[in-house]
Every structure is written in C-alpha cells, then in structure tokens.
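Heads up: the structure comes next, in structure tokens.
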Amino acid sequence: MREWKLRGFVSPKDLTGSDRERLQAALHEAAKLDIGRVVVEEALVCDGPVFLPGGMHLILRAPLAAELVCRGEANFSLACKNVFIEAEGGSLTGGFSCFNGEKIVLKDLAVEGNVSFSYSRKIRMEGCRVSGRLTVARGTADSILQDLTVGEALITAASEDGPIAGREDTVKNVFFRNVAVTRGSVTLQAADDAGLANLLVDHITAPQTAVIVGDAARPLPAERYEGLSLCDLSAPEPVRLHDPLLRAFLRP
Amino acid sequence: MSRSFISPNDPTLFGSCDSETIQNAVARAVETGCRRVEIPRYNARRDEMKWVVGKAIRLPGDFTLILDNCVMIQESGVYDHMFMNESAWDFDKVHRREDGQRNIAVIGRGNVLLSGGEHNGLLEKTACRMGLPTIWRNTMFMWWNVDGLRVENLSVCHQRWWAMTHLYCRNVVLRDLDFFAVPHVPNMDGIDLRVGCHDFTLENITGRTGDDVIALTALSGTGERRRAVEGETGDICNVKIRNVLADPFTCLVVRLLNEDGNRIHHVDLDGICDVSWFGQKRRPGATLAMGGQGDLYASLRSGGKGETRLVSGRHLSGRGAAVIRFDKCCEDMDFTDVKTFGDNSIAVGTTGLGADLSGVVIDGLFYGSQPKATFAPTTANPQCYRNTLIRLPRTRGELTVKNAEADHLDRLCELGEDLTVRLDVLREPEVKEPMPIPKGAHLYLNGKEQDHA
C-alpha cells in the first residue's frame, strides 16, 4: 500500500478478479487510501458498469471497454465531485454517464460510445472525440464543453434521472464551443416543465444542419429557450428553428 | 544518472518542514539540470496525503513545477505566499527586465487543490500594524517581472487575499483555474494583473471568489512603485480572457481599472458569465466594469481620456447590479451579445460618478430580468435598482446600441446631460415609467429623437 502511495496510483494490474472487478476494486482502494488515481495500464474489458467515486483521477494508457458512471445522490449536497478522466494513449469504448456530478473533467479522451451529463455542474470537457452522442441534460449548469468532435449532440431539459433536491432543472450557463459534429446536429430541446437558458453555442460544423432547436412534433413556447447565443454555425443549413426563442442572439 | 524530474519524496531532500523539502527539490533540480520538480499527492516525510507550506516556494527561471494530484495547504499563522518567482522580493537594486525570471510553469495534473487554510488575520486594514507585515505577503502566487509563465489546472480555495498576483509580467497563460472562497474576509480576489502586465491569455476560469474574479488594475500605489521595472510602462494591454463562468460574490467578474497615468488597452473578452444564483440575497456589482470611481484608487493622479480604450467583448451575461458598468473615460469599445437574466437591475450602467464615453458600441443587448420584489426597498438608493436598460446618470459622450430587446423594464433609460444614446430596438419595449430626458442629452430610438422632459 505504501508502494502504491509512493507510486501515486493504483493499477488494476495489482489486483485479482475479472477485469471489471479489478478496475472497480482499484478505484475503491484508490479512494479508500486517498491516493485518488487509477491508471489503466493494460487493455480491460468490463462486463458491466464501473462506478467512479469522487476525488478520482483516471488515466487511460490502454484501451478500456467499460460503461463508466459517476453518480451522486439525489441531493445537491451529495454530488460526485472532482472526477478527472484523461487518456495518455488509451481510449474508452462503452461510454460515460454522470448524474449529479460537480467538477468533472474529461480531457483528450476518445470515446467509442455516448457521453451524458445530467444535473451536473462545472463540467469541463475538452479535446475529446465521442463517436456517439454527447448529451447535456436537465439540470446541468456552469459548464464548458469545447474543442470536441462528436457524432451528434443533444442539449436537453429532459432527463430520465432526477430531480435533485436543491437543484434547478433548467440547463443554463453552458458554453458549447468549437464542436465538429460528424453525423447529426446539435439539437437543443427544452421540456414541458424546464427550459434552456443562457447557452452559448458557437463555432459548430456539421454535415447538414448545425443546430436544431425544438421538435416539430412537440412545440414549446419561447420562454423555454431564453438567452441562447447561436453563432458561427458552419453547415449547409446553419440553424433550424422548430420553437421560437426568447431574446436570442443569432449570428449563424 | 540523469533524471527527468526530482521528487520531494527523495529522503535525501527532507528538511525540517515541507517548504524546505520542496525548496531542496527545486535546488536539486537546478543542480542536475532537469529543472523539473513533481510534487506528488503522498508526502513521504509526513506520511500524509498533503503538503503544508509555511514558507513560499521560490521558483527560478526555466523551471517546471508539476503538482501531481496533490493537496497543498498554507500553514496557519504564517505570512507568506505559497509560490513566488525567485526575485519577487528582491528590492536591493533597480529592476530591469533581465533581472526577473523567464519560462516558469506550474502545471496541475489530475485533481490539485491549493488551500489558504486557516486565515492568518492579515488584512488590508491590519497590514503593517502591530507587527504584521505588508498585505502583499498574503497573496498565494506572487509573480513579479516574469517573462513566460504558465499556470494551469489548479483549484484554489480559501485564499487569504488575492489568489494570484502579477506585476510587470508578460507572455503569461493562465487556464483551467477554479476558485472557491467563502468571503469571510475582504479582498479574496481570484486573479490580479497589476501594473505592467501584457500579453496574457486567461481561459476557463471558474468558481466563486470573495471579490473580483479577474482584476486588471493598473494602479501605482506604494507597492507597485517599489516594483517598477526599468523600461516597462505601467500599462496593461494585450490581454485575452475567454470562458469565464464565475461568481464574484458582491464584486465584479472582470474589472478593468487604471489610474496614475497607466493605461489599459487591447483587452478582448469572449464568454464571460456571472453564474451567481438568481435569488441569492447579495448579487454581484457587474459582469464587466471599466474605469475608476473619482480618485478612490488614484495615488498619483486620476485617470483621464485616452487611457482606457480598445476593449472588445462578446457573450457577456449577468444578474448583478449591471452587466457592463462604465466609469471615467471609456473609448473605442465594442461589445456583442450582452444579456441580463435573473434579478439583474441594469444592463448598462455606471456607479454614481458617471462616465465619459466615446466610440462605444453594443450590438445585441438583451434584457430579460425578473425583478426581485423584496430587493429594492432594503437598499439605500432603491431608485438605482429599478429595472433599467441603460442607466448612465452624470455621463457624457456617446453610446450606440444596436439590436436591443427588452422585457420586464421599469424604465428604458436614465441619461446624463451631454450624453447621446442611439438605441435601435428589435421591438418596442413595454416600460412602466416615463423617461425624462434631461436637457443636453439626446436619445434616438430607432433613429427618431425622443422628446425632452
């Protein structure tokens, strides 16, 4: 254990069991001993979700096949905090989901799968490649997501998770900048009971439509889309509005 | 055997305290030529997962310090920085550019937390009294005359005064910095750029401070004059600030302040958002504030025309008393996409002393605040806080606003004499109160001059 402390990380290689068991145990030990870092040094294939505790720095130096989950309790004071995931030559196949996270950083990560955040705050996601969908969902706020390549993106006030006691449902104060969308679009979708506010979506490139707002089949009022800034959208159709916007800054 | 870095966990480097141990590691890194120290999470000397810093760690030039997933706490009862460049207190001689340090990097890996710990009682009002030292000792990072500095990926909490202070620094990158301060003492700023700073990039600044989040303050007080660098002006210029999502308590997200003949110019802001909570009892002063108030901050002379100019900004939003606040002389500035939300009162305002505007253009001004019904009656000047799109009493000059849209207004404008405002609105706003236009002021609403009172 002192060796782990001196080395500065726990590796699943140090433990026994299936790949998932070893990775989960490594995370547990790193949290318990306050080492706060797990390094994946060999390819792992995990046959179920892997839960990341708060205060964890996860470094991928080899391919990891797993569904990584950050999950806080349904109370604003019990968020899963300070999780930092980055790749140093490794990659993630599976996906990442975060519910009630706070200070979550994804850096330089290649993800074969989907990434989603709901009721999370202070997310920083930079330099990542997501083959599937990036979802910023209900209750997420105060976040910076930039310099990304994604299959498609969804910023939505709907979520299957939640609510969280003490947290607003509105998606607000999110910077979504310099994103290349390879297959779909960036879709902004409010909900019947919660909206999107103060979002900055700029420098988006997409193959057909850069930004779609709303759903033609479910119209919502302008109050659900307040203070959006949509700028520098590069696509054959820069923006398609199914719902009206309130006090929006549009410079496609 | 050459090593790529030195670790303070090498037992041959252990000193009587963590600061000495780390300083020994720095010295060893210089001796061996690797010029890199990595401070890990585990402190072998203490057998604990933290480092306690009682004496500032002095960094030489051409040096990289990696904070590797570690926690560092300032020791209780001491009056010193956590980090400084080697010559930051070297007052023995006149300083020239070459007397400082070059190329210093302090880079965080993973989750790094730097804490001011327990406050030591040193405040601006107690400094240099009853045996206490100068307040400058309380800044966590002290950088003076550094050319080439990078500070990245750190979380700073409970700073004892300003978290990061820069004087006469240039070519600096500060990014991925998060602050958390409970404002139990005054002046818990995040990042301060003082006189002589230029060519800075600040990006991804988040969190909550107890005073201004980012302050560009070109003031020549006693401390600054003592630290003058020969051949360098006191101007602050060429600063890019991008992606700021922060709560400045009752102060300012970004402040530009210059007096004493120092200028501020060529500042670009891109994405500045006040994230304080709607309904919080106290609210910020402004998202962006420029200029001083009378002679409040001047030591040598008050700032004047031509000294605060060439500021551009995009995507600014706030719920404070104002989103953009102009004071003194502000010239040649353009802002795009300025929004209010929550219980903000005024989109564009000034403090009580007014401003002198020239060449100031705002394109895209969106007012959407919901008044907080209980707020106004408890203030000393409730009339200041009625929802107003542009409130510029005692202000002169000219302001152009294009593409404005507003809801929930009590008043459209309050203008100073000798002020001309050209306001183009996308739709006619509903206002509750008539708007007297003083003699000498002019308001053009969609090109049509409005009648005076």
Side-chain angles (χ1 to χ4, degrees), chain A residues 1-9 30 33-37 39 54-59 81-86 88 103 105 107 121-124 126 141-146 168 170 172-175 177 197-202 223 226-232 246-251, chain B residues 7 9 38 40-44 47-50 68-71 108-113 153 155 175-176 178 180 203-207 242-247 270-271 273-275 277-278 314-315 317-319 336-342 363-368 403-407 426:
Chain A
M1 308 241 174
R2 189 162 189 272
E3 188 196 306
W4 290 351
K5 289 181 181 179
L6 281 168
R7 187 176 66 181
F9 64 90
L33 298 169
D34 196 19
I35 292 171
R37 178 183 284 154
V39 178
M56 191 57 55
H57 182 203
L58 176 65
I59 301 179
K81 295 185 185 181
N82 297 312
V83 173
F84 196 119
I85 307 175
E86 62 178 324
E88 289 178 1
K103 285 176 75 180
V105 178
K107 191 161 154 38
R121 293 170 62 224
K122 295 169 89 169
I123 298 161
R124 179 160 56 87
E126 286 188 289
D142 306 345
S143 298
I144 300 167
L145 298 94
Q146 68 174 359
E168 284 182 68
T170 307
K172 64 176 192 177
N173 303 339
V174 174
F175 288 177
R177 315 191 76 176
N198 203 26
L199 305 188
L200 170 57
V201 178
D202 71 341
E223 285 72 23
E226 188 179 345
L228 306 192
S229 299
L230 309 177
C231 322
D232 298 298
L246 185 60
R247 294 187 299 278
F249 180 78
L250 284 177
R251 294 281 164 94
Chain B
S7 168
N9 276 343
E38 294 192 9
R41 190 179 189 87
Y42 177 59
N43 182 336
D47 191 25
E48 287 181 17
M49 294 306 205
K50 67 179 182 193
D68 193 9
N69 211 35
C70 61
V71 175
R109 285 186 74 208
N111 295 307
V112 176
L113 179 66
N153 192 38
S155 292
R175 61 171 292 149
D176 304 334
D178 185 78
F180 180 73
E203 183 166 0
N204 300 346
I205 311 298
T206 58
R242 179 183 155 90
N243 293 349
V244 179
L245 286 151
D247 174 358
D270 182 2
C273 180
D274 156 18
V275 300
W277 288 83
F278 178 16
R314 288 167 295 294
H315 317 304
S317 63
R319 65 166 278 268
T336 308
D337 187 21
V338 177
K339 292 183 278 210
T340 80
F341 63 93
D363 181 7
L365 178 62
F366 305 96
Y367 188 96
N403 298 308
E405 199 177 324
D407 297 308
L426 295 171

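Letters go in sequence order (proteins before strands), and every chain restarts at 1. Side chains are part of it too, since the values below use all heavy atoms of this structure and drop only hydrogens, waters and symmetry mates.
- Between chain A and the residues B/Asn243, B/Leu113, B/Val275, the most heavy-atom pairs under 4.5 angstrom are made by B/Asn243.
- Taking A/Ala141, A/Ala248, A/Gly8 one by one and counting their heavy-atom pairs under 4.5 Å with chain B, the maximum is reached by A/Ala248.
- Counting heavy atoms from C-beta outward, A/Arg2 and B/Tyr42 have side chains that approach closer than 4.5 Å.
- Remark: the B/Thr206 side chain and the A/Lys103 side chain contain no N/O donor-acceptor pair separated by less than 3.5 Å.
- Neither the backbone nor the side chain of B/Glu48 has a heavy atom closer than 4.5 Å to any heavy atom of chain A.
- Between B/Arg109 and A/Glu88, the closest heavy-atom pair is NH2-OE2, 3.0 Å.
- Proximity to chain A (any heavy atom under 4.5 Å) is shown, for B/Asn43, by neither the backbone nor the side chain.
- Across B/Leu245 and A/Asn173, no two heavy atoms sit closer than the pair CD2-O, 3.7 Å.
- Contact annotation for B/Val338: neither backbone nor side-chain heavy atoms come within less than 4.5 Å of a heavy atom of chain A.
- Your options are A/Arg7, A/Glu168, A/Glu126, and the one with the most heavy-atom pairs under 4.5 Å with chain B is A/Glu126.
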(request) Output, in order, the C-alpha distance, side-chain angles, deciding distance and verdict of side-chain contact (heavy atoms from CB on, under 4.5 Å) for A/Gln146 and B/Glu203. (result) CA-CA 12 Å; A/Gln146 68 174 359; B/Glu203 183 166 0; 3.0 Å; yes
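- For A/Ala197, no part sits under 4.5 Å from any heavy atom of chain B, backbone or side chain.
- When all heavy atoms of A/Val83 and B/Asn111 are compared, the pair lying nearest together is N-OD1, 4.3 Å.
- The ring pair (Phe, Tyr, Trp, His ring centres under 6.0 Å) check on B/Tyr367 picks up nothing, with sequence neighbours excluded.
- Contacts of B/Arg314 with chain A are absent, with no heavy-atom separation under 4.5 Å from either backbone or side chain.
- A heavy-atom distance below 4.5 Å is not found between the side chains of A/Lys5 and B/Asn9.
- You'll find the side chain of A/Asp34 reaches within 4.5 Å of the side chain of B/Arg41, heavy atoms only.
- Using a cutoff of 4.0 Å between basic side-chain nitrogens and carboxylate oxygens, B/Asp270 and A/Arg177 are scored as salt-bridged.
- When every heavy atom of B/Lys339 is checked against every heavy atom of A/Ser229, the shortest pair comes out as NZ-OG, 2.7 Å.
- Contacts between A/Arg121 and chain B at a heavy-atom distance below 4.5 Å involve the side chain alone, from C-beta outward.
- Using a 4.5 Å cut-off between heavy atoms, B/Asp337 touches chain A through backbone and side chain atoms alike.
- Between the CZ atom in B/Phe341 and the CZ atom in A/Arg247 there is a gap of 11.5 Å [rounded to 0.5 Å].
- In this structure, A/Phe249 and B/Asn403 have side chains that are not in contact, with every pair of non-hydrogen atoms separated by 4.5 Å or more.
- The minimum heavy-atom distance linking B/Gly368 with A/Glu226 is given by the pair O-OE2, 3.8 Å.
- For the pair B/Asn69/A/Ile35, no side-chain contact is recorded, criterion being any heavy-atom separation below 4.5 Å from C-beta on.
- Taking CZ from B/Arg319 and CG from A/Asn198, the interatomic distance works out to 12.5 Å, rounded to the nearest 0.5 Å.
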(request) Would you please test B/Asp363 and A/Arg251 for side-chain contact (heavy atoms from CB on, under 4.5 Å) and show each step? (result) CA-CA 11 Å; B/Asp363 181 7; A/Arg251 294 281 164 94; 2.9 Å; yes
(request) Determine, step by step, whether A/Val105 and B/Asp176 satisfy the side-chain contact (heavy atoms from CB on, under 4.5 Å) criterion, reporting the C-alpha distance in whole Å, the side-chain angles of both residues, the deciding distance to 0.1 Å, and the verdict. (result) CA-CA 10 Å; A/Val105 178; B/Asp176 304 334; over 6 Å; no
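- Comparing B/Ala246, B/Ser317, B/Pro40 by how many heavy-atom pairs each has under 4.5 Å with chain A, the most go to B/Ser317.
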(request) Take A/Phe175 and B/His315, measure what side-chain contact (heavy atoms from CB on, under 4.5 Å) needs, and give me the verdict at the end. (result) CA-CA 10 Å; A/Phe175 288 177; B/His315 317 304; 5.8 Å; no
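- Of the atoms belonging to A/Leu6, heavy atoms from both backbone and side chain fall under 4.5 Å from chain B.
- Residues A/Arg124 and B/Asn153 bring a donor and an acceptor atom of their side chains to less than 3.5 Å of each other.
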